[in-house]
Novice: 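Sharing a structure, written as structure tokens. Questions coming.
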Amino acid sequence: MAVLNDEQQMLKDMAAEWVRDRMPITALRSLYDHGGGGRSDAIGYDPECWAEMAAMGWTGIIVPEAHGGSDFGYQSLGLILEELGRTLAASPLLSSALGAVTALRLGGDAVQQERWLPGLADGSAIGTIAFEEGAHFAPERIATSATLSGDQWIVNGRKHPVQDGMAANIFIASARTSGQPGDRDGLTLFVIDADAAGLTRDPLDQIDARRPAALTLKDVTIASDRVLGEVGKGADLIDAIVDRAAVGMAAEMLGASAQAFDTTMDYLKTRVQFGAIIGSFQALQHRAADLFGELQLTQSAVEDALIAIDDDAADISALASLAKATAGETLHRISAQMVQLHGGIGMTHEHDAGLYLKRARVAEQCYGSTAWHRDRWARLNGY
Amino acid sequence: MAVLNDEQQMLKDMAAEWVRDRMPITALRSLYDHGGGGRSDAIGYDPECWAEMAAMGWTGIIVPEAHGGSDFGYQSLGLILEELGRTLAASPLLSSALGAVTALRLGGDAVQQERWLPGLADGSAIGTIAFEEGAHFAPERIATSATLSGDQWIVNGRKHPVQDGMAANIFIASARTSGQPGDRDGLTLFVIDADAAGLTRDPLDQIDARRPAALTLKDVTIASDRVLGEVGKGADLIDAIVDRAAVGMAAEMLGASAQAFDTTMDYLKTRVQFGAIIGSFQALQHRAADLFGELQLTQSAVEDALIAIDDDAADISALASLAKATAGETLHRISAQMVQLHGGIGMTHEHDAGLYLKRARVAEQCYGSTAWHRDRWARLNGY
Amino acid sequence: MVESEASEDRDFRLEARAWLKANFPASLTNVPGLLFQGDRHAAEANADYQLWRARMTDKGWGVPTWEPRYGGAGLSATQAKIIGEELTAIGGFNPIRSYGTMMLGPTLLEYGDEAQKLEHLPWIASHERRWCQGFSEPGAGSDLASLQMRCTDMGDHWLVSGQKIWTSGADQADWCFALVRTDTSRKQGGISFLLIDMQSEGIEARPIVLISGSTHFCEVFFNDVKVPKGNLVGQVNHGWSIAKRLLQFERNSLSEVKADITPLAPMAHDYLGTDALGRIDSPDLRARMVRNGMRHAAYMATVRRFAQEAKNGGPSHGVSTLKNLWSGIIQERGELLIELMGANGLGWSGDAYAEAEREATRAWLHSKAFSIYGGSYEVQNNITAKHTLGLPG
Amino acid sequence: MVESEASEDRDFRLEARAWLKANFPASLTNVPGLLFQGDRHAAEANADYQLWRARMTDKGWGVPTWEPRYGGAGLSATQAKIIGEELTAIGGFNPIRSYGTMMLGPTLLEYGDEAQKLEHLPWIASHERRWCQGFSEPGAGSDLASLQMRCTDMGDHWLVSGQKIWTSGADQADWCFALVRTDTSRKQGGISFLLIDMQSEGIEARPIVLISGSTHFCEVFFNDVKVPKGNLVGQVNHGWSIAKRLLQFERNSLSEVKADITPLAPMAHDYLGTDALGRIDSPDLRARMVRNGMRHAAYMATVRRFAQEAKNGGPSHGVSTLKNLWSGIIQERGELLIELMGANGLGWSGDAYAEAEREATRAWLHSKAFSIYGGSYEVQNNITAKHTLGLPG
């Protein structure tokens with residue numbers, strides 16, 4: 001991994017230890033029912049663990065010190081997300097401590113930051129971003145409308161899927177204040193409370209046992225001081241937030257890939273077939289070596305992107321797309337090979353391989369799919 | 001392979017034997033100089049072998065009996081091209097007996113067929129198609145112009161690369177009688193003699209030691225009875241000819257793939273490294289098994305396309321693109337692996353692997369590249 | 001193929017066509033054939049299905065080439081093929097088709113004694129005795145011959161103890177054909193082929209939950225199960241060659257399975273939109289869908305070619321190759337389908353996802369088994385390398 | 001990295017910058033460094049090149065960390081790195097860099113005796129004695145330790161007979177460092193490391209024509225060649241560990257090679273055109289170029305990361321992984337480049353093809369060697385599997 005400073009190394013070690021103790025893969029299992037789907041009463045995360053994360057300061061890692069955070073930077077947050085990814089730990093950390101906090105850092109004015117960041121930093125509030133309105137990530141193709149009525153905005157529409165939407169009490173949601181679906185102009189971001197009148201949310205039962213939500217907004221009234229950034233000019237802000245959320249997700253995916261790979265290597269070293277440890281078969285050895293190479297590319301791309309964000313570099317978008325697409329492809333392959341190389345047992349719900357496979361496909365779609373980020377990288381690089 | 005009738009089986013056996021005796025891979029070597037490039041005095045084929053092919057009737061296989069051929073069909077011609085492909089036998093058979101004959105069969109009227117088919121059928125004439133004008137196959141993006149002057153056409157432009165263009169004495173060339181480069185309307189096919197006044201040709205020194213030509217047409221005068229098909233409406237005719245030429249090339253590529261694979265398997269069964277025959281290493285075994293699968297797909301796609309042509313099926317274009325693209329991908333992979341699996345010796349000009357590699361890349365580009373045919377298949381199938 | 005048919009075959013075709021038209025219940029048109037034991041209850045609840053089964057049983061056409069005393073119709077292979085073709089032509093299916101007809105039946109015909117044939121084949125031919133396959137064990141997956149389930153000769157009966165796994169529909173099956181170890185001193189040479197009544201005391205079948213939610217496969221525990229001496233097929237310790245033959249029947253039946261596939265292109269336009277040039281509006285995903293579509297087309301051509309070559313007595317070495325091509329292409333297609341559905345391809349349950357979407361998601365998960373069961377991708381490639389390509393051991 | 005530099009390093013950087021600016025001939029700016037022996041004549045023909053070499057030799061900066069008595073400048077690793085950085089900054093190159101400086105020099109410094117060091121290192125440091133590597137033999141490619149070239153102790157000299165192959169620039173080299181067999185009863189344990197003067201009687205070097213037309217590699221025949229006893233490095237029969245160390249230097253120097261790459265996108269627009277949406281007008285090829293471009297970007301990030309980790313004492317196990325990633329990505333890029341050039345990427349010679357096109361074609365052919373030489377793709381993957389991943393032998 002990248003060369004870490006002492007602070008980062010400590011944080012990483014602590015995260016690794018805590019995740020191993022408190023959120024091993026068995027913790028995720030408690031969100032699944034015995035038939036392999038999500039438990040109908042599950043909320044998609046463990047509030048007790050969330051409180052512990054907050055107590056360790058993880059929720060405030062990119063929050064400025066003035067607002068109750070430690071301002072350690074995205075690299076540090078990435079290290080934690082990577083460790084959480086190893087055990088597929090389900091928590092709103094990415095949605096809230098990265099997504100919502102980033103939106104306020106980049107788009108909020110001083111008053112707005114002081115109003116919301118302290119709560120997000122200490123974990124008493126859970127935020128998430130709500131930009132999507134359909135099967136595919138396309139932040140400009142939205143129809144949710146916000147119209148000005150006196151000093152207030154009236155918002156109508158549906159946002160889905162909203163990651164950790166059942167856990168959140170603050171939504172950073174996009175709506176169209178002018179223009180047509182597809183236009184970059186006319187997008188505006190609003191901070192909306194979960195208990196706002198006219199807002200309802202329904203859980204989505206997803207294969208990874210998380211609980212994203214579908215939000216329905218019916219004549220929701222929003223005060224004008226809840227607009228983040230400039231009215232109608234939200235497209236660049238949305239891009240910047242999505243860049244960072246995608247890199248955070250890529251960090252989680254890097255951790256999941258690394259653990260799926262490690263678990264599979266352990267199996268190759270112990271399972272015996274045809275009188276030999278199967279890890280001694282050259283065809284499997286070469287497949288493992290190739291996957292290890294992919295894992296190296298992923299780690300480098302993720303770390304480069306995290307560093308670029310902390311450095312406020314000019315090419316964050318291209319590096320974010322590189323990180324997300326590379327992590328997407330690697331986790332895709334490794335999770336599929338995790339099932340394949342475990343053979344029959346890997347097909348059972350009882351084994352962890354399926355959990356990695358399912359989370360992989362969800363993560364691949366989040367904040368822009370692998371295909372979307374490849375296409376964006378291509379566009380940014382003149383292909 | 002497909003189930004052959006007695007006639008076809010005899011033809012195939014005869015072709016295999018003749019190619020083994022008369023045009024083994026060493027025959028191709030005589031076209032190369034000692035430095036690995038084409039000999040500067042080479043004409044890209046062996047006239048003596050051409051005469052023997054003609055004597056065996058191969059030049060007339062798809063020529064109707066009335067014009068001196070046997071009318072055995074494209075499947076039969078495909079069998080021969082496949083055998084020729086095995087040893088990379090260089091001859092104008094595909095250009096003349098398939099390309100030029102197809103153009104006359106599909107586009108020529110009775111008089112034109114009687115005028116040119118007998119010579120093509122008995123090998124005394126060598127024809128080829130001249131549709132291209134640049135780096136990439138794009139039969140509609142041509143600038144060569146033909147303007148009517150009295151009863152005659154005046155043609156100006158450059159056609160390149162023209163396969164077997166240094167050997168041919170008859171060109172079936174496309175020119176624009178109206179419209180702009182890119183338009184489908186306005187394309188017309190002409191039968192042009194190689195010794196026409198104003199026509200010059202320059203050999204292209206290609207990596208595969210063949211000798212395609214660049215034709216320069218400067219005020220070449222062509223009588224109106226040399227127009228194939230309808231003036232300005234040649235686009236569909238060109239497509240139909242290219243479909244068939246592409247399938248013929250795919251048949252040749254199938255043969256080259258099969259032989260490159262067989263030669264590599266032979267090497268794997270004899271070469272010893274680390275105290276073992278390298279073909280016993282599982283990583284190489286699985287690679288070989290995967291390549292064998294690709295070879296099966298290719299054979300099926302090529303045979304399906306040949307049968308469709310003989311049956312005058314409705315979906316010839318899609319099947320032709322499937323055959324050419326599949327053969328392109330398979331030969332690409334197998335020829336690269338032929339070098340890789342032979343190790344250092346495969347990198348030397350002295351070994352055959354490089355000859356397959358070089359011919360592979362030329363064949364991949366001929367009559368529409370792998371990418372071009374994938375894109376066309378996609379379009380035809382609504383992607 | 002019809003045009004060149006001999007006149008007696010042509011007559012039989014017309015006869016079959018007429019009988020099928022008269023007897024196949026229209027309500028079952030284009031219903032997929034029921035293959036797995038797990039479908040038993042659904043089938044039993046359907047009166048038309050029961051009627052269709054009874055008619056085919058009486059006619060002997062579920063296993064047309066079997067002799068009448070075994071429940072068949074004593075027809076030729078050509079006639080059997082004609083029945084299949086005519087059935088397909090009207091959107092019908094063979095209601096008798098099962099593990100019994102495809103695998104155990106042909107095996108018993110070759111290796112069973114007359115008593116075993118008479119005891120079992122008629123029940124298979126009427127689809128009234130359902131079979132499961134007791135081959136795999138927890139420690140013997142790809143390396144089947146390392147199986148450990150003990151079978152001891154107790155003089156007047158066999159005593160069986162051990163565990164099987166990946167037993168399809170064991171919880172619904174009436175009988176099990178199992179490989180058991182009758183000699184621990186040799187590997188392949190110590191295996192026997194035994195028929196076990198699943199109602200015997202000491203057997204417990206526990207369904208396994210798969211990643212797709214399916215509970216079709218079971219673990220089966222055998223605890224001192226008594227099996228009559230006459231239930232051993234062939235010679236003691238000669239079960240391995242019987243099993244290999246049976247697995248050949250299994251592979252043949254697998255390669256028969258039509259990869260019936262809806263093209264992805266229209267769905268992709270729906271989910272991803274169309275760009276200004278009329279293309280699916282997602283260049284990277286589109287390129288991958290095109291390649292998968294082309295591979296599938298070439299694969300279908302290969303299935304047809306292999307079938308025709310086999311019919312003409314050509315080599316049948318391609319089964320392992322075909323299986324790996326198939327699993328690779330279908331698995332990739334499953335991935336592409338949920339990918340084109342985006343967030344809608346990620347649901348497990350609930351109205352937020354259309355039924356077709358949830359089905360696609362489950363099918364994608366299920367497809368991961370294709371390269372594991374019935375000889376894994378790795379085992380198939382070993383077979384191709386050694387047997388087809390002749391590479392050294 | 002500059003900002004956090006210690007002040008003495010900062011001073012040295014300014015000094016180096018000034019000296020290089022004053023001494024590097026402007027005419028050589030951005031000329032690629034000359035690595036191979038085959039470039040010797042070209043270099044000798046260039047007066048500025050000769051001047052630059054002489055200046056660097058005098059300064060000892062071609063091998064800055066070597067002690068002055070061996071022709072170096074006795075500088076620290078940090079200072080050497082600074083020289084390299086400043087050289088790169090002005091588009092310069094190290095004219096002393098050779099097989100001698102990168103491989104044999106470091107090996108002699110570790111394993112040679114003082115006489116050998118004094119005899120050879122100064123000539124390497126002045127780039128006046130060119131070396132070739134006599135390792136591979138016709139029967140010993142990937143399996144290097146199976147080499148057979150006999151070396152017999154004749155009392156007052158060694159007698160060497162046998163054949164080497166893939167010897168880079170042997171026809172241009174002054175000396176050869178070779179692995180020879182001094183004991184036929186053991187494999188690795190019977191190999192010694194010998195320095196051989198290429199002018200000795202009985203040596204013949206024949207260039208091999210490669211598929212790219214290059215004649216850079218040779219076969220070398222040794223026929224009863226007499227070699228002085230003092231030319232054996234280290235102990236008799238201990239050459240294998242010296243060779244392994246040298247190959248490590250080779251791998252390190254390979255991984256240093258900057259994969260200096262022109263982006264394909266602008267060329268692709270030129271050759272393939274641009275569609276109505278501004279994209280390269282060839283969807284399938286474009287998709288493959290994009291993926292290659294992304295892999296290359298991630299690879300370059302990996303090279304930087306590994307270098308930084310190594311600097312900080314992290315594990316250096318990634319060399320095999322890096323080499324396979326590199327060869328795969330560069331080979332694919334070579335294929336894509338000639339593919340985007342279409343028919344223009346298929347030429348061997350002649351004005352019909354632009355020089356850049358012919359170069360791209362030769363480079364594509366040459367790139368096929370990347371996964372064969374210096375440890376094949378297969379050998380590298382074996383190393384990764386066993387040493388890095390700890391999979392069993």
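Just so it is clear: chains get the letters A, B, ... in the order the sequence lines come, proteins before strands, and each one is counted from 1.
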Novice: I'd like to know which of A/Leu204, A/Asp205, A/Val272, A/Ile278 tops the heavy-atom pair count under 4.5 Å against chain C.
Specialist: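 That would be A/Asp205.
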Novice: Run the numbers on C/Ile211 and A/Leu357 for side-chain contact (heavy atoms from CB on, under 4.5 Å), then give the verdict.
Specialist: CA-CA 9 Å; C/Ile211 58 176; A/Leu357 183 70; 3.9 Å; yes
Novice: Give a yes or no on whether A/Arg39 atom CZ has more than 12 heavy-atom contacts from other residues, nucleotides or ligands under 6.0 Å away.
Specialist: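 Correct, the count exceeds 12.
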Novice: Can you say whether A/His332 sits under 4.5 Å from chain C via the side chain, the backbone, both, or neither, judging by heavy atoms?
Specialist: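 Side chain only.
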Novice: Tell me the residues of residues 357-365 of chain C whose non-hydrogen atoms fall below 4.5 Å from those of chain A, in number order.
Specialist: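 Contacts with chain A: C/Thr361, C/Trp364, C/Leu365.
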Novice: Check whether A/Gln273 reaches the backbone of C/Asp143 with its side chain - one donor and one acceptor, N or O, closer than 3.5 Å.
Specialist: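 Yes.
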Novice: Of all of A/Gly344, A/Gly134, A/Pro161, which one pairs up most often with chain C through heavy atoms under 4.5 Å apart?
Specialist: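 It is A/Gly344.
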Novice: Among the options A/Glu364, A/Arg271, A/Glu350, pick out the one with the most heavy-atom pairs lying under 4.5 Å from chain C.
Specialist: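 Heavy-atom pair counts peak at A/Arg271.
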Novice: Is any side-chain N of the basic residue among C/Arg286 and A/Asp375 closer than 4.0 Å to the acidic one's carboxylate O?
Specialist: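 Salt bridge: no.
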Novice: Could you tell me whether A/Gln180 atom CD has more than 12 heavy atoms of other residues or ligands within 6.0 Å of it?
Specialist: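 At most 12 heavy atoms, drawn from other residues, nucleotides or ligands, come within 6.0 Å of this atom.
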Novice: Looking at every non-hydrogen atom in both residues, tell me the closest pair between A/Gln206 and C/Leu346 and how far apart they are.
Specialist: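 Minimum heavy-atom contact is CG-O, 3.3 Å.
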Novice: Which one of C/Leu272, C/Leu144, C/Ile338 has the most heavy-atom pairs closer than 4.5 Å to chain A?
Specialist: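 Highest number of pairs under 4.5 Å: C/Leu272.
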Novice: Of the backbone (N, CA, C, O) and the side chain (C-beta and beyond), which part of A/Thr348 lies under 4.5 Å from a heavy atom of chain C, both, or neither?
Specialist: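 For A/Thr348, the contact with chain C is made by backbone and side chain together.
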Novice: Roughly how far, to the nearest 0.5 Å, is the NZ atom of A/Lys358 from the CH2 atom of C/Trp348?
Specialist: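 Answer for the CH2-NZ pair, C/Trp348 versus A/Lys358, is 4.0 Å.
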Novice: Side chain, backbone, both or neither: which part of C/Ala145 has a non-hydrogen atom closer than 4.5 Å to chain A?
Specialist: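 Contact with chain A is absent: no heavy atom of C/Ala145 under 4.5 Å.
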Novice: Counting only non-hydrogen atoms closer than 4.5 Å, does C/Asp270 touch chain A with its backbone (N, CA, C, O), its side chain (CB onward), both, or neither?
Specialist: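 Nothing of C/Asp270, per the 4.5 Å heavy-atom cut-off to chain A.
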Novice: Roughly how far, to the nearest 0.5 Å, is CD1 of A/Ile207 from OG of C/Ser349?
Specialist: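 Separation between the atoms: 12.0 Å.
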Novice: Measure C/Tyr353 against the heavy atoms of chain A and call it side chain, backbone, both or neither at under 4.5 Å.
Specialist: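 The side chain, not the backbone.
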Novice: In this structure, which one of A/Arg361, A/His136, A/Gln365 forms a side chain to side chain contact (heavy atoms under 4.5 Å, CB included) with C/Glu339?
Specialist: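 Only one option passes, and that is A/Gln365.
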Novice: Under 4.5 Å between any side-chain heavy atoms of A/Gln340 and C/Lys368, yes or no?
Specialist: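 No, their side chains stay 4.5 Å or more apart.
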Novice: Taking C/Asn344, C/Ile165, C/Val209 one by one, which has the highest count of heavy-atom pairs under 4.5 Å against chain A?
Specialist: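 Looking at each of C/Asn344, C/Ile165, C/Val209 in turn, C/Val209 comes out on top.
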Novice: Take atom NE2 in C/His366; do more than 12 heavy atoms of anything else shown fall under 6.0 Å from it?
Specialist: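 Incorrect, the count does not exceed 12.
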Novice: Taking C/Ser212, C/Gly213, C/Pro283 one by one, which has the highest count of heavy-atom pairs under 4.5 Å against chain A?
Specialist: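 Greatest number of close heavy-atom pairs with chain A: C/Pro283.
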Novice: Does some side-chain heavy atom of C/Glu378 sit less than 4.5 Å from a side-chain heavy atom of A/Phe281?
Specialist: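 No, side chains not in contact.
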Novice: Is chain C contacted by the side chain of A/Arg287, its backbone, both, or neither, given a heavy-atom distance below 4.5 Å?
Specialist: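 Interface part for A/Arg287: side chain.
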Novice: Taking everything shown except C/Asp351 itself, do over 12 heavy atoms lie less than 6.0 Å from its CG?
Specialist: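 Incorrect, the count does not exceed 12.
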Novice: Of the backbone (N, CA, C, O) and the side chain (C-beta and beyond), which part of C/Ile208 lies under 4.5 Å from a heavy atom of chain A, both, or neither?
Specialist: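 For C/Ile208, side-chain heavy atoms alone lie under 4.5 Å from chain A.
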Novice: Which one of C/Ala352, C/Ser136, C/Gly273, C/Ala369 has the most heavy-atom pairs closer than 4.5 Å to chain A?
Specialist: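 Among the listed options, the one with the most contacts to chain A is C/Ala369.
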Novice: Please classify the contact between C/Arg288 and chain A as side chain, backbone, both or neither, with a heavy-atom cut-off of under 4.5 Å.
Specialist: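 Only the side chain of C/Arg288 comes within 4.5 Å of chain A.
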Novice: I'd like to check A/Trp377 versus C/Asp284 (side-chain heavy atoms, cut-off strictly below 4.5 Å). Are they in contact?
Specialist: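 Contact flag for A/Trp377/C/Asp284 side chains = no.
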